[in-house]
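These numbers come from the heavy atoms of this one structure, side chains and all, not from hydrogens, waters or symmetry mates. Just so it is clear: chains get the letters A, B, ... in the order the sequence lines come, proteins before strands, and each one is counted from 1.
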Amino acid sequence: MSFLKLDGVTKTFGGLTAVNAVDLTVEKGQIYSLIGPNGAGKTTLFNLISSIFPVSAGRITFDGQDITRTPTHAMAGLGMARTFQNLAVFKHETVVNNILVGLHSSLRTDLFSAAIFWGRARREEIRARERAEEIIEFLEIEDLRDLPVGTLSYGQQKRVELGRALAVDPKLLLLDEMVSGMNQEEREEIGRFVLDLKEELGMTVFMVEHDMGIVMDISDRVCVMHHGSKIAEGTPAEVSADPVVIEAYLGSRSRAA
Amino acid sequence: MRTGHFQETTGQLIALTDSPAVIGWTGVLIAGLLAAPLVVGNYELTLMVTVLIAVVGAVGLNLLTGTTGLISLGQAGFLAVGAYGNAVLMVDYGWPVWLSLPAGGVVSALISLLVGIPSLRLKGLYLAITTLAFSFIVSHVILYAEPITHGPNGIFVNGAKILGVNVQKGPALYYLTLFVAVCVVLMVLNMQRTRLGRGWLAIRDHDIAARAMGIDLTRYKLLAFVVSSFIVGIAGGLLSLQIRFINIDVFGLILSIEALAIIILGGMGSVAGAIMGAVFLTLLPEAIRIAFNLILTPGSAFYSTYVYEIRGVAYGAVIVAFLRFKPDGLIGLWRDARKYWSNWPLAY
Ligand SMILES: Nc1ncnc2c1ncn2[C@@H]1O[C@H](COP(=O)(O)OP(=O)(O)O)[C@@H](O)[C@H]1O
Ligand SMILES: [Mg+2]
């Protein structure tokens, strides 16, 4: 049984077909990369998987469950978390609070116990805070803990966003251009984190990435999209040797030049 | 220079405050507030009740507008519903005030769903206009539902007793209001440090990311409406006890604008800011009155003739000055001052 499976997933915006009948399968424990020129529809595909947009056609199953019509806010509870291509942090809030939001669906406090903040609510908050501290330690951002995220550097904010996604305790982690805007050192650190997630926690990671170094180094499988359609899939070596892929990249680059 | 300190347990990390100084000064403040009726005169006590009611209303509005980012110009509407709820239940149905006051809050909370549900998809200016329209509708309904609300005649609110004590005047009213204000502040502070408060803040800062993290937007926005209007409704009930006669003129548009001004001035999203803003804006007219009395020759009618104009200009000037020079409000000023002192004599 495949872990994440897309069948003929399509999304149109008015007349524009941003994602066109995409089939793909991600197996449990894989690092699966999605690449393609700008505007290929990668982010839109992520928005469909995480149910930010409804699909125009097709079917998505995750961990044995049809999630095609599941509301966005139920995804975290099912074990799916994501980061966004353009930072989507809670910028007025501290690093700790951002990460705590990721724990939302694992917490149970209701209105009344929250207002009293005694007994269960308090115990739950203590547990949540301990978990948040573990994540902060894993990502090596202890010094930033109490700073508003909006005051941090771009790379640091990205890292907080990753921390928030990890707080969901996801089985599937979607990373949309995690390292864009980062320097080489930061990129290598993120690459190492992602490998750790797979190897130590057995997490499945599905990432959209432009940094070919990282894609080729750590991916188990690579999928290539162009103009909304999937044009190739395989191991990093297979994909990088595929003439269709080379044509898509060179073609778009020469047009852009 | 004060040095940082480190917490030993996670329990300390999530406490409302970890600083002995804050606990100490809060104690002093509470003691001072409790002792106030022994020290100050009747006029000052009435003023303090007004301030406390403003605090309750501001903390309520702040939850919706400051914390959740849903701008409301309907504060007067919720105040009116709470005030009428309390007044009608108490006067016409004979409920004891300890029941009718929270019941007014509940009515206000329920009515908030009427404006909350249809405006779930609205943000910013659109929501502000919708809530404004809501407060006009409330006025109309109150005016025309004469059998229940006494319409244009208004309601005299008298005879509220708790344990046989009249709680509509003097120290009794003051203590009742203080008790409610302290409860409301503690409740909201508590909510803000749980997943509820974080959910509201997340919606304000980035609603798509909030949804992806598992926050149900519909539920949390409605929850913010309900909790906020419950608190504001109670402020309305307290107001009806204090002023003892209510009609729709009490709940004009200016009240909604003042409420918004209070939380802008205090610093959006912060409970302490809302409190500071409420104290500051409620006492501002008083300060102006005293200032004019010092400047003008005794017996001059200038101030009393133009009291509303002068107030309006002063409110406007203060708000513009804050928006221009200190957009994070009084709480921002306070934080700067604290940073300065705790780092002194170093610059940063
Ligand atoms: N919300 C939207 N409304 C309309 N068009 C969109 C929307 N989101 C994306 N698109 C369009 O879909 C296409 C694919 O965009 P996107 O998925 O962001 O590409 P990628 O992430 O691969 O660079 C682009 O042509 C883009 O303009
Ligand atoms: Mg993209």
Item to complete: Can you tell which part of A:Val101 gets under 4.5 Å to a heavy atom of chain B, answering side chain, backbone, both or neither?
Response: both

Item to complete: Side chain from CB out, backbone as N, CA, C, O: work out which of these in A:Leu174 comes under 4.5 Å of a heavy atom of chain B, or both, or neither.
Response: neither

Discussion item. Before you tell me yes or no, could you show the steps for B:His206 and A:Glu93 under side chain to side chain contact (heavy atoms under 4.5 Å, CB included), namely the whole-Å CA-CA distance, both residues' side-chain angles and the distance that decides it to 0.1 Å?
Written reply: CA-CA 11 Å; B:His206 204 299; A:Glu93 287 307 300; over 6 Å; no

Fill in: Under 4.5 Å from a heavy atom of chain A, the part of B:Val227 involved
side chain

Item to complete: Starting from the C-alpha separation in whole Å, work towards a yes-or-no answer on side chain to side chain contact (heavy atoms under 4.5 Å, CB included) for B:Arg195 and A:Arg108.
Response: CA-CA 8 Å; B:Arg195 71 173 193 147; A:Arg108 290 290 159 266; 4.3 Å; yes

Discussion item. Below 4.5 Å, heavy-atom pairs only: which of A:Ser105, A:Ser106, A:Ala88, A:Ala76 has the largest tally toward chain B?
Written reply: A:Ala88

Item to complete: Evaluate the criterion side chain to side chain contact (heavy atoms under 4.5 Å, CB included) for residue pair A:Phe84 and B:Ile208; output intermediate values, then yes/no.
Response: CA-CA 10 Å; A:Phe84 293 80; B:Ile208 294 176; 3.8 Å; yes

Worksheet item: Side chain, backbone, both or neither: which part of A:Leu103 has an atom under 4.5 Å from a heavy atom of chain B?
Response: neither

Fill in: Atom CG of B:Leu125 with >12 non-hydrogen neighbours under 6.0 angstrom
no

Worksheet item: Out of curiosity, A:Trp118 CH2 to B:Asn190 CG, how far, rounded to the nearest 0.5 Å?
Response: 10.0 Å

Fill in: Pairwise distance CE(B:Met213) to CG(A:Asn98) - rounded to 0.5 angstrom
9.5 Å

Response to the item:
Most heavy-atom pairs under 4.5 Å with chain A, out of B:Ala212, B:Gly197, B:Cys183, belong to B:Ala212

Discussion item. Only pairs of heavy atoms separated by less than 4.5 Å count here; which of A:Arg127, A:His92, A:Arg123, A:Glu161 has the most with chain B?
Written reply: A:His92

Worksheet item: Which atoms of A:Val89 come close to chain B, meaning under 4.5 Å heavy atom to heavy atom: side chain ones, backbone ones, both, or neither?
Response: backbone

Worksheet item: Above 12 or not: heavy atoms from other molecules or residues under 6.0 Å from NZ of A:Lys91?
Response: no

Worksheet item: Heavy-atom count around A:Tyr154 OH within 6.0 Å, excluding the residue itself: above 12?
Response: yes

Worksheet item: Between CG of B:Leu217 and NE2 of A:His73, what distance do you get to the nearest 0.5 Å?
Response: 8.5 Å

Worksheet entry | Nearest-0.5 Å distance, CG of residue A:Asn97 to CZ of residue B:Arg198 | 6.0 Å

Worksheet item: Is the number of heavy atoms from other residues, nucleotides or ligands under 6.0 Å of B:Lys123 NZ greater than 12?
Response: no

Worksheet item: Rounded to the nearest 0.5 Å, how far apart are CZ of B:Arg193 and CG of A:Leu100?
Response: 13.0 Å

Worksheet item: Heavy-atom distance under 4.5 Å to chain A: side chain of B:Leu196, backbone, both or neither?
Response: side chain

Discussion item. Under 4.5 Å from any heavy atom of chain B, what part of A:Thr72 do you find: side chain, backbone, both or neither?
Written reply: both

Practice prompt. Among B:Leu223, B:Leu189, B:Val188, B:Leu201, single out the residue with the greatest number of heavy-atom pairs under 4.5 Å to chain A.
Written response: B:Leu201

Response to the item:
What one should report as the nearest heavy-atom pair of A:Ser51 and B:Arg211 is O-NH2, 4.4 Å

Discussion item. Return the OG1 to NE2 distance between B:Thr194 and A:His104, rounded to the nearest 0.5 Å.
Written reply: 9.5 Å

